[in-house]
Novice: 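This is the structure I want to talk about, given as C-alpha cells.
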2 protein chains.
Amino acid sequence: MREEPWEPPAVLVAVDLVILTLRASALHVLLVQRGVEPHQGELALPGGFLQHSGEGLLTAARRELREEADLDAARLHLEQLGAYGTPDRDSRGRVISVAYLAIAPGLPEPVAGTDAVGACWMPVDGVLAGRTRLAFDHAAIVADGVERARSKLESSALATAFCAERFSISELQLVYEAVWGVRLDPRNFYRKVQGVRGFIAAAGSDRRTTGGRPARLFRAGPTTVLNPPLTRPDPPQASEESR
Amino acid sequence: MREEPWEPPAVLVAVDLVILTLRASALHVLLVQRGVEPHQGELALPGGFLQHSGEGLLTAARRELREEADLDAARLHLEQLGAYGTPDRDSRGRVISVAYLAIAPGLPEPVAGTDAVGACWMPVDGVLAGRTRLAFDHAAIVADGVERARSKLESSALATAFCAERFSISELQLVYEAVWGVRLDPRNFYRKVQGVRGFIAAAGSDRRTTGGRPARLFRAGPTTVLNPPLTRPDPPQASEESR
DNA sequence: ACAAAAGTGTTGCAAATACACCCATGA
DNA sequence: TCATGGGTGTATTTGCAACACTTTTGT
C-alpha cells in the first residue's frame, strides 16, 4: 500500500445476499421488492449497507440474513462470493457491494417475518435467462452465485446444505439434479455418495416413507472436501439442436 | 437493500495484489517494503487505495499492477480473489481491501521501474509456513491466492499464464509441479495435456534446445475450461511422518 | 558413440457406467 | 398382489498410471 498526500475517497459498502434453495425440484433465489428509490418496486437481492463502521462483512451478512429472510445464519452455509464495484452501478454514488452466497434447506413455505416489502422465492432459470429482471447488477451476481454452487457441488459437501438435518440419499440426488440440471442414475449415485468418506453419516435407523420402501436417513458428515469428487456428467453433446 | 434514516458509514477501499510467478522452479509472490506507517518497513502486498471515487476496482488493480510492479495488465491473468473486511485489520480506521490475483510469466530478473520501496519476489513457502511475516492480514490473502491458483490449475488453462507466449510441454509441466508441489510423469503429462481440446495450440515448428532433442513449441489455446480436467494426484498418504 | 531430452506404444488395474435383479412397504 | 421407491450384484467400458521403447538432437 502506498501513501500519498491526497485523501483517498470514502465509499459506501453494501452487503447483498444470494440465498439459494430448492423448491419443487427447482433452484430458487430469494428476492425482495425494493421499497425506495433507486429502482423502487423492482426486484433485487436482499441486502443493505454496513450498519456502523465497526461491523464486519460476515457479521453484516448474518444480520441481513436474519432481518430480511428470518433465517438463522448459524444453521446455513454462508460464504463470500466477491466484491462488485463498477463505478456507475448505483445512482446514489459510489457503492461497492460485497456479495455472499447462502444455501438454505427447502423451507416450509413463504419466507416469514420479513421486514422487506414482498420477499419471494423466484426460480433462478428466469433470472439467468433474463426473463426476470433485477435491479442494479444483481442478475450478474445471481449468475455468479449459481455458478459457484454448481461447481462446489462437485468438490465439497455443499449439497447437504440444501437438505434438512436428516435426509435420504434420493433427496440428496434431487439436489444434484436440480442444481446441475442433469439426470443421474439413482443406483450408481447411491453407492458413489456412500463411497466418499465422511460425506454423509447414518442418522438413526428411523425412516419415513412415501409409498415405496422406506429410505435410510443420513446427516451431513464431518468432511467438507469430497474425495473422490462427484463429477458432473458433461451435457449430452449439443449438436445441431443447440441454440 | 433497505433504506433507513441514518447515514451508512463511509469506509476506505484498498486494492491489494497477489502476483504469483515461477522462479527457479519455485512459486514466488511479489512483496514490497512499506515506506510509511502503519507497519512501516514490514513486507506487504503491493496495493493502494482507490484513487478517486469514479475508479473501478479492476481498473485500480490494473493501475497498481503498472505502478508498483511495472507489469502490463493486458498481458496478465488477473482475477478477483475476494474482499477482506475484518473491522480491526487496519489501524488507520475502517479499511476494506479487495484482493486480486495476478499470474505473471517468469520475468527476466528483478522487478524494474517500481516506485515502491524494495519490491522483491519472495518464495511463497516461507509465507505459508509463517516464516516470512507480512503486514496486516496479507499472509492470509497470499494463502487464499495460492489456494485459488492450485485449484484453478486443475480445471482451467491458468497454467499457461505462468509461461511465456510460446512454451514447451515440459515447461508447462514445471508449472504444475511447482504450484502443486508434486512430481508428474513427463510421458503421461505430455499426452494428457495434448488430449485436452483447445488447451494448447502448436506454435510454429520452431524449437530451441538445452542439450537434448528440441521440443515442439505451443501457445495458449482458445479454451479456458479444461475438459477433461487435469487431476492433481493426492499427496503420498501422510502417515506417522506428518506434523 | 553416448547422454539427454522429446515423444510413442502397450499393458494392467481401478473407477465409472449400464442395467438386471432383489427388498420392503402401502394400498 | 401390484405398484413404488430403496438398495445390491455384476459385466462391460473407459480412464489412467506405469514403464519399456524409439526418436532427435548436442558433444
Side-chain angles (χ1 to χ4, degrees), chain A residues 24-25 153-155 163-164 166-178 180 182-197 199-219 225-237, chain B residues 25 153-155 163-164 166-178 180 182-197 199-219 226-237:
Chain A
S25 298
L153 279 201
E154 296 199 64
S155 54
C163 298
R166 308 201 304 155
F167 52 86
S168 70
I169 290 191
S170 49
E171 284 168 345
L172 194 62
Q173 183 183 342
L174 282 176
V175 172
Y176 278 90
E177 293 186 330
W180 283 349
V182 297
R183 306 279 317 169
L184 300 172
D185 184 310
R187 300 157 301 198
N188 292 331
F189 183 82
Y190 185 89
R191 270 171 306 190
K192 208 172 201 172
V193 167
Q194 299 234 57
V196 182
R197 285 176 307 282
F199 186 14
I200 57 176
S205 50
D206 193 353
R207 43 184 63 183
R208 63 240 147 106
T209 178
T210 57
R213 172 176 173 174
R216 287 192 249 174
L217 293 183
F218 297 84
R219 54 169 48 91
V225 284
L226 266 34
N227 186 334
L230 292 167
T231 50
R232 162 167 37 165
D234 23 28
Q237 199 55 298
Chain B
S25 298
L153 279 201
E154 296 199 67
S155 54
C163 298
R166 308 200 304 155
F167 52 86
S168 71
I169 290 190
S170 49
E171 285 169 344
L172 195 62
Q173 183 184 341
L174 283 176
V175 172
Y176 278 90
E177 294 188 328
W180 282 348
V182 296
R183 305 279 317 170
L184 301 172
D185 184 308
R187 302 159 297 204
N188 291 332
F189 184 83
Y190 185 89
R191 271 172 306 190
K192 210 172 202 173
V193 166
Q194 299 236 55
V196 183
R197 285 177 307 282
F199 185 14
I200 56 176
S205 50
D206 193 353
R207 45 183 62 183
R208 62 242 147 108
T209 178
T210 58
R213 172 175 174 173
R216 287 192 249 174
L217 293 183
F218 298 84
R219 54 170 48 92
L226 265 35
N227 188 330
L230 292 167
T231 50
R232 162 167 36 165
D234 22 29
Q237 199 56 298

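Chain letters run A, B, ... following the sequence lines, proteins first and then strands; every chain starts at 1. These numbers come from the heavy atoms of this one structure, side chains and all, not from hydrogens, waters or symmetry mates.
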Novice: Can you tell me how far C1' of D:dG6 sits from CG of A:Asn188, to the nearest Å?
Specialist: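 One finds 14 Å between C1' of D:dG6 and CG of A:Asn188, rounded.
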Novice: Kindly point out which of D:dC19, D:dG7, C:dT25 is positioned nearest to the side chain of A:Arg213?
Specialist: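 Shortest atom-to-atom distance from the side chain points to D:dG7.
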Novice: Under the 3.5 Å rule, do the base of D:dG5 and the side chain of A:Arg187 count as making a donor-acceptor pair?
Specialist: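 For A:Arg187, whose side chain was compared with the base of D:dG5, there is no donor-acceptor pair (under 3.5 Å).
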Novice: Using heavy atoms to find the nearest nucleotide of DNA chain D for B:Asp185 and B:Pro228 separately, return the residue whose nucleotide is more 5′.
Specialist: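 Nearest-nucleotide comparison on DNA chain D picks B:Pro228.
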Novice: For B:Tyr190 and B:Ile169, indicate whether the former's side chain and the latter's backbone hold a donor-acceptor pair under 3.5 Å.
Specialist: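 Judged by distance alone, no pair lies under 3.5 Å.
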Novice: For A:Arg183 and C:dA18, what is the distance between atoms CZ and C1' respectively, to the nearest whole Å?
Specialist: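 Roughly 16 Å, once rounded to whole Å.
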Novice: In whole Å, I'd like the distance from the CZ atom of B:Arg216 to the P atom of D:dT25.
Specialist: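 Atom-to-atom, B:Arg216 to D:dT25, this comes out as 12 Å.
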Novice: To the nearest Å, give me how far apart CG (B:Leu230) and C1' (D:dG15) are.
Specialist: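 That distance rounds to 13 Å.
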Novice: Calculate, to the nearest 0.5 Å, the distance between atoms OG and CD1 belonging to B:Ser168 and B:Ile200 respectively.
Specialist: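 Rounded to the nearest 0.5 Å, the OG-CD1 separation comes to 9.5 Å.
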Novice: Can you check whether A:Arg191 has a side-chain N or O nearer than 4.0 Å to OP1 or OP2 of C:dC19?
Specialist: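 Answer no for this pair, as no side-chain N or O of A:Arg191 is under 4.0 Å from OP1 or OP2.
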Novice: Which whole-number value in Å describes the distance from A:Gln194 CD to D:dG6 C1'?
Specialist: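 In whole Å, D:dG6 C1' and A:Gln194 CD are 11 Å from each other.
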Novice: Could you work out, with salt bridge (Lys or Arg N to Asp or Glu O under 4.0 Å) as the rule, every residue matching B:Arg232, not counting sequence neighbours?
Specialist: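 Partners of B:Arg232 under the salt bridge (Lys or Arg N to Asp or Glu O under 4.0 Å) test: B:Glu154.
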Novice: Just how far, in rounded Å, is C1' of C:dC19 from CZ of A:Phe189?
Specialist: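 Between C1' of C:dC19 and CZ of A:Phe189: 19 Å.
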Novice: Are B:Tyr190 and C:dA6 close enough that a side-chain N or O sits under 4.0 Å from OP1 or OP2?
Specialist: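 Checking B:Tyr190 against C:dA6: no side-chain N or O falls below 4.0 Å of OP1 or OP2.
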Novice: OP1 or OP2 of C:dT17 less than 4.0 angstrom from a side-chain nitrogen or oxygen of A:Lys192, does that happen here?
Specialist: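 True: A:Lys192 side-chain N/O within range (under 4.0 Å) of C:dT17 OP1/OP2.
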Novice: With a non-hydrogen cut-off below 4.0 angstrom, is B:Ser170 in contact with a base, only sugar-phosphate, or nothing?
Specialist: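 Answer is sugar-phosphate: B:Ser170 comes under 4.0 Å of backbone atoms only.
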Novice: Find the distance between CG (B:Asn188) and CD (B:Gln173) and round it off to the nearest 0.5 Å.
Specialist: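 Atom-to-atom, B:Asn188:CG and B:Gln173:CD are 10.0 Å apart.
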Novice: Measure the distance from CG on A:Leu184 to P on C:dA16 and round it to the nearest whole Å.
Specialist: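 My rounded result for the distance is 13 Å.
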